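Proteins get letters first, then strands, A, B, ... in listed order; numbering begins at 1 in each. These numbers were taken from a predicted model, which means no experiment stands behind them.
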There are 2 protein chains.
Amino acid sequence: MKRSDYIPKATIERLPLYYRCLEKISAYEEDEVVSSRELGERLGIPPTQVRKDLSYYGEFGRRGVGYHVEDLKKSLAKILGINKTWPAVLVGAGNLGRALVNYEGFQKMGLQITDVIDSDLDKIGNKVGDITVRSSKDLEEIVKTRQIKIGIIAVPASAAQDVTDLLIAAGIKSIWNFAPTRLVVPEGIIVRNEDLSVGITSLIYHLTWKNE
Amino acid sequence: MKRSDYIPKATIERLPLYYRCLEKISAYEEDEVVSSRELGERLGIPPTQVRKDLSYYGEFGRRGVGYHVEDLKKSLAKILGINKTWPAVLVGAGNLGRALVNYEGFQKMGLQITDVIDSDLDKIGNKVGDITVRSSKDLEEIVKTRQIKIGIIAVPASAAQDVTDLLIAAGIKSIWNFAPTRLVVPEGIIVRNEDLSVGITSLIYHLTWKNE
DNA sequence: TGGAGTTTGTGAAAGTAAGCATAAGGCTTC
DNA sequence: GAAGCCTTATGCTTACTTTCACAAACTCCA
Ligand SMILES: NC(=O)c1ccc[n+]([C@@H]2O[C@H](COP(=O)([O-])OP(=O)(O)OC[C@H]3O[C@@H](n4cnc5c(N)ncnc54)[C@H](O)[C@@H]3O)[C@@H](O)[C@H]2O)c1
Ligand SMILES: NC(=O)c1ccc[n+]([C@@H]2O[C@H](COP(=O)([O-])OP(=O)(O)OC[C@H]3O[C@@H](n4cnc5c(N)ncnc54)[C@H](O)[C@@H]3O)[C@@H](O)[C@H]2O)c1
């Protein structure tokens, strides 16, 4: 598959939006074809941006016509790596962890949380959804047998670095981090911070300064 | 307070990180002063970036010395608008909604969820944390009496636009949206989308293409 | 008091990303 | 089969963001 040498980070964050939008069209509309204009309108993105984003990966459209919904959806799934299912282990069966495990929406994006770890003895053995909570001493075996590459951190910030080190020792290659702290990881490990406080704080900022 | 005409979006998203880092230093370290180098190192941000970000709002440091932790923390709180508490109403007492309500960390960033709305008759009247779930017919009264400016959407995507319209009709000025859908709002209403699927998908993308 | 060593604040330069303009391809109608 | 109207793909321009480089200000110590 074609892929330009340099692709803007912002482009990569828009691809999932295109994918999800195509899924919706595919499920609820009869249109076989969609234009960059329509795709853009649904998402609040200029059509030129949609086309430029896609052009980094090849030519998916037909001039004068648009993009074939199913084809583009498949292509995007392949580009994003979500044409297969990625198993993941979640650490921290608290409020947020349980919400994440029970959310079905991630499956469509290729994520399947297969295992849950917690340090609380009262939680180990309990079920979260269909998954039995296990101790971190089982981590290495879980990661090895399922060939898990993704670890999800939903523990308090104070425990996040320790959990990170355990995950990496167990063989994980990437971390989705919900704890509000910076993780130190070896070269080659991918970290994605999902910092909800930043979201609300920037909203409050805009609210504060709106009329000045 | 000084504030440059144009401030990069990325700067605004880093300010909460600086603030939280200062809070941590203030709570756990004795240092009265911190340099842009140290602040940057803790957050993985270059020191020049730290200084430039702060410089949009004034001169907070002392050359040859650094930034006074408490002073900078106060200044940032004021800049971010989190030197007061913003009441908010959350709609959707499901898995995610309950996690958000029970999370204490938002208080430190100025957010207090004071009310919870759901349409499910089995949920109305129940408690989420200390808050009794109420029906959306009470929304307007809630927003008016508490002067709430922030609405939080934690309902399924299919209901998100309806809830948005209700919130705006009730007088809300900004929306923190967790539903994976674009909301259409009138001019002047601030929307912040917190799209977790984008996060995991971009992580999977990087994992997929890492060695190419 | 003065010089060496720090650290900030900020214009200028470099690096990224978005938007424009236009060429090229495609469909429809007569 | 040619005119007219679409829509995509992309080089170039414009806009935004980060990084660099250095003057200015402060501390410490001899
Ligand atoms: N709940 C939210 O809405 C929310 C919002 C933003 C950020 N966060 C962040 O997400 C993380 C989890 O939040 P939460 O509200 O679910 O917290 P929580 O206290 O409800 O759950 C944390 C869980 O982690 C477990 N845990 C603690 N240390 C552990 C360790 N070393 N190994 C394994 N498990 C361990 C605890 O037993 C508990 O079950 C926190 O870092 C929090 O700051 C949560
Ligand atoms: N749970 C997660 O981890 C997660 C992750 C990413 C995104 N999301 C998004 O967050 C939203 C909520 O997810 P969830 O897992 O909590 O779902 P959920 O089904 O557990 O909860 C949804 C709640 O909204 C209520 N509701 C539905 N329609 C309503 C209406 N019109 N007015 C008021 N209340 C209404 C339902 O009664 C239910 O209590 C969804 O849009 C989901 O896509 C959730």
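Regarding A:Leu72, its CG atom lies at a distance of 11 Å from the P atom of D:dT8, rounded to whole Å. Straight-line distance from the CD1 atom of A:Ile7 to the C1' atom of D:dT10: 15 Å, rounded to whole Å. The distance from atom NZ of A:Lys9 to atom C1' of C:dA17 is 11 Å, rounded to the nearest whole Å. Between the P atom of D:dT18 and the CD atom of B:Glu13 lies a distance of 11 Å, rounded to the nearest Å. Atom CG of A:Asp53 and atom P of C:dT16 are 17 Å apart (whole Å). Distance B:Tyr6 OH to D:dT17 C1': 8 Å, rounded to the nearest Å.
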Checklist entry - Please walk me through it: do B:Trp86 and B:Gln112 pass side chain to side chain donor-acceptor pair (under 3.5 Å)? => result CA-CA 6 Å; B:Trp86 296 77; B:Gln112 181 164 25; over 6 Å; no
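The side chain of A:Gln49 places no N or O atom within less than 4.0 Å of a non-bridging phosphate oxygen (OP1 or OP2) of C:dA17. Contact annotation: A:Arg14 does not reach the phosphate of C:dA17 (side-chain N/O to OP1 or OP2, under 4.0 Å).
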Checklist outcome for this item: Counting primed atoms, P, OP1 and OP2 as sugar-phosphate and everything else as base, the B/S/- map of nucleotides 6-14 of chain C against protein heavy atoms under 4.0 Å is BBBBBBB--
Could you go through residues 39-50 of chain A and list every donor-acceptor pair under 3.5 Å that involves a side-chain atom there, pairing it with any protein atom two or more places apart or in another chain?
residue	atom	partner	partner atom	Å
A:Arg42	NE	A:Glu38	OE2	3.1
A:Arg42	NH2	A:Glu38	OE2	3.1
A:Gln49	NE2	A:Asp53	OD1	3.3

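Between B:Pro87 and B:Ile148, the closest heavy-atom pair is O-CG2, 3.6 Å.
Judged by distance alone, the side chains of B:Glu70 and B:Ser26 do bring a donor and an acceptor atom under 3.5 Å apart.
Annotation: side chain of A:Leu54 is in contact with side chain of A:Leu76 (closest heavy-atom distance under 4.5 Å).
Scored by the salt bridge (charged side-chain N to carboxylate O under 4.0 Å, His left out) test, B:Glu13 finds B:Arg192 as partners (sequence neighbours excluded).
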